[in-house]
Amino acid sequence: MASSSAKSWIKIDPNNDFSLENFPFGICSFPPTNLPRCCSRIGDYAIDLSILAKYKNGALFADVGFETIHEPEKSLHMVPPTSVFQCETLNAFMQQPKITRVKVRSILQKLFRIIEDNDDGGKEEEESLFACLRYDEALRSAALIPMTQVTMHLPAHIGDYTDFYSSKDHATNVGIMFRGKEHALNPNWLHLPVGYHGRASSVFVSGTDVIRPYGQLQKDVADPKSGSVYGPSRMLDFELEVAFFVGGRPREHGEVISMEEADDHIFGFCLMNDWSARDIQKWEYVPLGPFGSKNFATSISPWVVTLEALEPFRCASSSGVTQNPTPLEYLYDPSYDRSMFDIHLMIQIEGEGMLIPETVSISNFNHLYWSARQQLVHHSITGCNMRPGDLLGSGTISGPTPDSLGSMLELSWKGTRKVKLGAGASPSLAGHTRTFLRDGDAVIMKGFAGGGSGQCRVGFGECIGTVLPAKTNPKVLQYWHPAHKTDTGRYSNFKLYNYWRSTSSWRVRIALAAKNIKYEYIAIPLLEGKQKDAIHKQRNSMAQIPVLEFEDNEESGKLIRLTQSVAIIEFIDEIFSGDEYGNIFPADKLSRAFARELVEIVNSGIQPLQNLSLLDKVAADSNSTISKVKFAHYVIENGLEALESLIEKVHRSKTSLGPFACGGFDPTIADFFIVPQLYNARKYGVDFTKKFPCLINVEKACSRHPWFTESHPDAQPDSPTFATTTGPDDDDSRILATNNGINGKRKQYV
């Protein structure tokens with residue numbers, strides 16, 4: 001193991017990933033130019049290599065032996081030796097011979113190590129070339145930049161990206177899920193590193209948000225012959241991986257890399273999250289493997305940790321010191337018992353409203369079966385021309401224990417187990433769970449080697465990505481909702497007595513859409529006074545809608561009726577809870593209280609006072625001296641002003657990034673009440689498009705969400721027309737009215 005006895009004149013916390021034994025490489029930008037340039041890192045500082053390369057006309061790197069090479073993204077552009085670190089990617093440096101790369105790292109170590117043995121051959125420390133950074137204040141100020149001022153970029157121009165499938169525990173787990181224990185590993189798996197070609201253009205640096213993908217989804221999970229539907233993935237997942245960048249001379253077509261040469265062509269490693277849409281993957285992967293389910297995003301950590309920095313942490317695979325069966329000769333590694341690295345890996349999820357991230361998995365790089373060497377050699381054996389900057393991912397790294405699994409697919413065992421979040425974070429999140437990722441979830445991956453007693457720590461930093469809601473073109477969206485649930489447990493045979501234009505009814509329809517519950521739509525024509533019929537008064541003594549009717553299967557099919565939209569929605573949310581259902585309330589208690597506050601402004605402060613029966617009563621008792629329309633305008637605008645003020649404060653806060661009313665990435669009960677109220681305001685001719693910008697933005701966010709499009713008044717079977725001009729004259733505000741049908745046909749319910 002690498003000793004931590006060497007000391008630096010830079011103060012470095014023992015738990016810092018970037019010790020004197022690390023010196024990773026990356027691409028940074030910072031003021032005043034903000035131009036990307038090659039850097040390294042020590043402690044909490046980035047090291048501008050372009051500045052060091054110019055010092056005293058290149059004296060620091062004079063004996064390194066840089067070679068003139070081609071810059072890959074500009075094939076005709078030659079990079080002279082003096083300009084290797086002036087490039088905006090690491091490709092030119094990656095292409096240098098291994099001995100050159102090793103010398104650069106050694107020089108960096110000398111620059112930051114306290115010189116106690118006169119490394120320069122007898123000069124005083126102050127006069128040594130390698131003491132320049134410590135004693136030259138101007139150089140130090142230019143070359144050392146606090147990480148708080150630094151923006152990280154992709155470390156290389158990635159020409160090609162390949163992802164492997166090299167963890168035996170992960171492959172076994174997935175095989176058991178989909179093929180059974182007897183056929184968990186395919187016959188070829190123990191004979192070669194299985195891999196597939198990924199999408200290089202969607203490899204993103206850590207910190208880049210990840211947009212939930214749309215794709216084709218199997219219509220009926222139990223019957224693939226039922227075909228597919230189009231919609232956002234509901235089974236978004238992460239994959240814990242460690243990737244490496246290819247280095248060294250570009251290989252010619254037909255030129256292979258042998259096992260003996262492999263280490264010379266491994267530049268360094270980074271953490272990787274290969275985001276996956278499991279439901280899209282399930283439908284598409286036969287027979288050629290994943291495609292759209294994997295091509296939308298791959299996140300990598302920005303610092304590339306060199307092979308040399310990890311050498312002291314070599315170890316055997318947790319699968320054993322040998323491979324059985326023995327690989328073919330070209331793939332056989334005589335040093336297999338030291339072909340892995342003891343890199344501690346961690347996955348955390350920080351959901352919306354959480355105070356601190358929750359650790360959901362602790363794993364290790366040594367849980368791989370096929371090594372990086374073997375992956376590279378096998379990749380090249382066909383004569384594939386490997387190039388510097390190519391990225392090769394390990395595949396999901398899972399260990400043998402339940403707390404060492406590298407994906408939500410395994411942690412939740414294909415959605416059948418709950419992964420707990422919130423322990424130790426906020427009491428309001430106790431019992432919060434996941435089966436797959438929700439909008440607003442930040443996935444944080446960490447990794448380091450060493451750090452124990454007497455050991456230096458060599459780490460990668462973090463690989464972070466936050467899930468944002470799916471985007472789509474509303475003009476072409478054939479909106480998607482998974483097959484309605486017919487087996488709903490204790491309660492069944494739902495019927496909703498409602499009216500297409502009733503805002504109270506719309507609220508309940510949104511909740512039923514959120515929970516994906518099948519129900520029978522029964523129209524009660526309000527303009528015909530059918531709500532006052534004796535039969536309906538038996539359902540609701542106030543002669544109102546909505547009424548939700550259903551049977552209690554534990555009480556011999558006893559008929560249950562609920563009235564009042566708030567009561568109905570809260571019942572639905574309590575009965576149908578869990579990740580397989582949408583969430584109607586925010587996660588934490590304070591946000592739930594805020595959602596109820598917004599609900600009550602609509603439910604108690606606006607809706608009852610603009611009710612048609614009340615307006616008729618006001619007009620009658622005042623002998624029509626009070627205008628019904630003016631009274632309704634006053635009530636509605638007064639309430640909308642209150643809503644706008646509260647939502648504006650939330651949306652201004654740094655902790656609320658989402659577009660919906662409570663500041664989250666998913667709609668809540670507050671949106672269920674606000675959007676129908678805005679619809680009703682337009683019905684009364686209230687123009688709020690300029691006065692209430694926050695409410696307009698909330699409505700736009702909801703307008704793209706399938707819960708709202710499915711439940712919209714114009715999509716209901718008793719709607720007299722298919723509206724196309726609801727709201728102001730812009731595309732976004734028309735969405736709710738226009739994206740519920742194809743070719744002018746309304747969606748029909750039961």
Side-chain angles (χ1 to χ4, degrees), residues 1-4 17 19 21-24 98-99 101-102 105-106 164-171 189-193 240-248 257-272 304-345 362-381 392-395 397-400 404 406 447-460:
M1 289 296 178
S3 169
S4 61
D17 282 351
S19 67
E21 300 299 326
N22 195 344
F23 289 102
K98 180 179 179 179
I99 189 171
R101 307 193 307 261
V102 171
R105 178 173 173 270
S106 177
F164 285 92
Y165 189 50
S166 295
S167 165
K168 188 175 182 180
D169 290 297
H170 173 68
W189 198 92
L190 292 171
H191 294 267
L192 55 83
L240 172 65
E241 302 193 29
V242 175
F244 68 88
F245 281 95
V246 174
I257 297 174
S258 68
M259 192 63 66
E260 293 74 20
E261 298 174 300
D263 281 356
D264 291 347
H265 290 273
I266 297 176
F267 176 79
F269 294 80
C270 62
L271 302 177
M272 188 168 90
V304 185
V305 178
T306 64
L307 184 65
E308 293 70 44
L310 293 171
E311 283 290 349
F313 308 102
R314 282 197 178 274
C315 64
S317 166
S318 62
S319 297
V321 296
T322 60
Q323 292 174 298
N324 185 20
T326 302
L328 297 178
E329 184 178 356
Y330 82 91
L331 204 52
Y332 175 73
D333 184 357
S335 302
Y336 182 76
D337 60 343
R338 290 184 55 76
S339 63
M340 304 299 170
F341 301 99
D342 184 15
I343 302 174
H344 308 285
L345 301 171
I362 297 176
S363 191
N364 196 294
F365 183 83
N366 65 19
H367 292 319
L368 291 176
Y369 181 84
W370 295 104
S371 70
R373 288 174 184 153
Q374 291 173 315
Q375 292 166 0
L376 178 58
V377 169
H378 183 64
H379 200 314
S380 77
I381 198 63
L392 277 65
S394 64
I397 302 174
S398 292
S404 62
F448 67 91
S453 176
Q455 297 179 1
C456 69
R457 178 170 170 135
V458 174
F460 297 81

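The shown structure was predicted, so the numbers you read here are calculated from the model rather than taken from an experiment.
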(request) Kindly compute the distance separating OG (Ser398) from CG (Leu368), expressed to the nearest 0.5 Å. (result) 10.0 Å
(request) Applying ring pair (Phe, Tyr, Trp, His ring centres under 6.0 Å), name anything that partners Tyr336, two or more places apart in sequence or on another chain. (result) none
(request) Measure across Ala171 and Trp189 and return the closest heavy-atom pair with its distance rounded to 0.1 Å. (result) CB-NE1, 3.6 Å
(request) Kindly state whether the ring of Phe341 and the ring of Phe269 have centres lying under 6.0 angstrom apart. (result) yes
(message) Using side-chain heavy atoms (C-beta onward) and a distance below 4.5 Å, is Gln323 in contact with Leu190?
(response) no
(request) Drop me the distance from Lys98's NZ to Asp263's CG, to the nearest 0.5 angstrom. (result) 5.0 Å
(message) Run the side-chain contact (heavy atoms from CB on, under 4.5 Å) test on Asp337 and Thr322 for me, step by step, so that the C-alpha distance in whole Å, both residues' side-chain angles and the decisive distance to 0.1 Å come before the verdict.
(response) CA-CA 7 Å; Asp337 60 343; Thr322 60; over 6 Å; no
(request) Could I get the full list of side chain to side chain contact (heavy atoms under 4.5 Å, CB included) partners for Ser106, not counting sequence neighbours? (result) Lys110
(request) Can you measure from CD (Glu311) to CZ (Arg338) and round to the nearest 0.5 angstrom? (result) 8.0 Å
Please output the side-chain donor-acceptor pairs of residues 325-335 that fall under 3.5 Å, not counting sequence neighbours, one pair per line with the distance.
unit_1	atom_1	unit_2	atom_2	d
Tyr330	OH	His378	ND1	2.7
Asp333	OD1	Ser335	N	2.9
Asp333	OD2	Arg373	NH1	3.0

(request) Answer yes or no: is there a donor N or O on one side and an acceptor on the other, between the side chain of Ser380 and the main chain of Ile257, under 3.5 Å? (result) yes
(request) Measure across Gln374 and Pro193 and return the closest heavy-atom pair with its distance rounded to 0.1 Å. (result) O-CG, 3.9 Å
(request) For Thr306, check side chain to side chain contact (heavy atoms under 4.5 Å, CB included) against everything at least two apart and list the hits. (result) Phe25, Arg105, Glu308, Ala309
(message) Nearest 0.5 Å, please: how far is CG in Leu271 from CG in Leu345?
(response) 7.0 Å
(request) Identify the heavy atoms of Ala316 and Val321 that sit nearest to each other, and give their distance. (result) CB-CG1, 4.0 Å
(message) Evaluate Ser167 against His367 for side chain to side chain donor-acceptor pair (under 3.5 Å), listing each step before the verdict.
(response) CA-CA 6 Å; Ser167 165; His367 292 319; over 6 Å; no
(request) Kindly give the heavy-atom pair with the smallest separation between Gly248 and His265, and that separation in Å. (result) CA-ND1, 4.1 Å
(message) Tell me every residue that passes ring pair (Phe, Tyr, Trp, His ring centres under 6.0 Å) with Phe245, counting only those two or more places apart in sequence or in another chain.
(response) none
(message) Within the structure provided, determine whether Ser19 and Val458 are in side-chain contact (heavy-atom separation under 4.5 Å).
(response) yes
(message) Quick check for you: to the nearest 0.5 Å, what is the distance between His344 atom NE2 and Asn366 atom CG?
(response) 9.0 Å
(request) For Ala243 and Gly393, work out which heavy atoms get closest and say how close. (result) CB-CA, 3.9 Å
(request) Find the distance between CD (Glu241) and OH (Tyr165) and round it off to the nearest 0.5 Å. (result) 11.5 Å
(request) Keeping the roles fixed (side chain from Ser394, backbone from Val242), state whether a donor-acceptor pair exists under 3.5 Å. (result) yes
(request) Using modelled atom types only, decide if a donor and an acceptor are shared between the side chain of Ser166 and the backbone of Tyr369 within a distance under 3.5 Å. (result) no
(request) List for me each residue that meets salt bridge (charged side-chain N to carboxylate O under 4.0 Å, His left out) alongside Asp17, sequence neighbours excluded, and say none if there are none. (result) Arg457
(message) Could you report the tightest heavy-atom contact between Ser363 and Leu240, atom names first, then the distance?
(response) CB-CD2, 3.9 Å
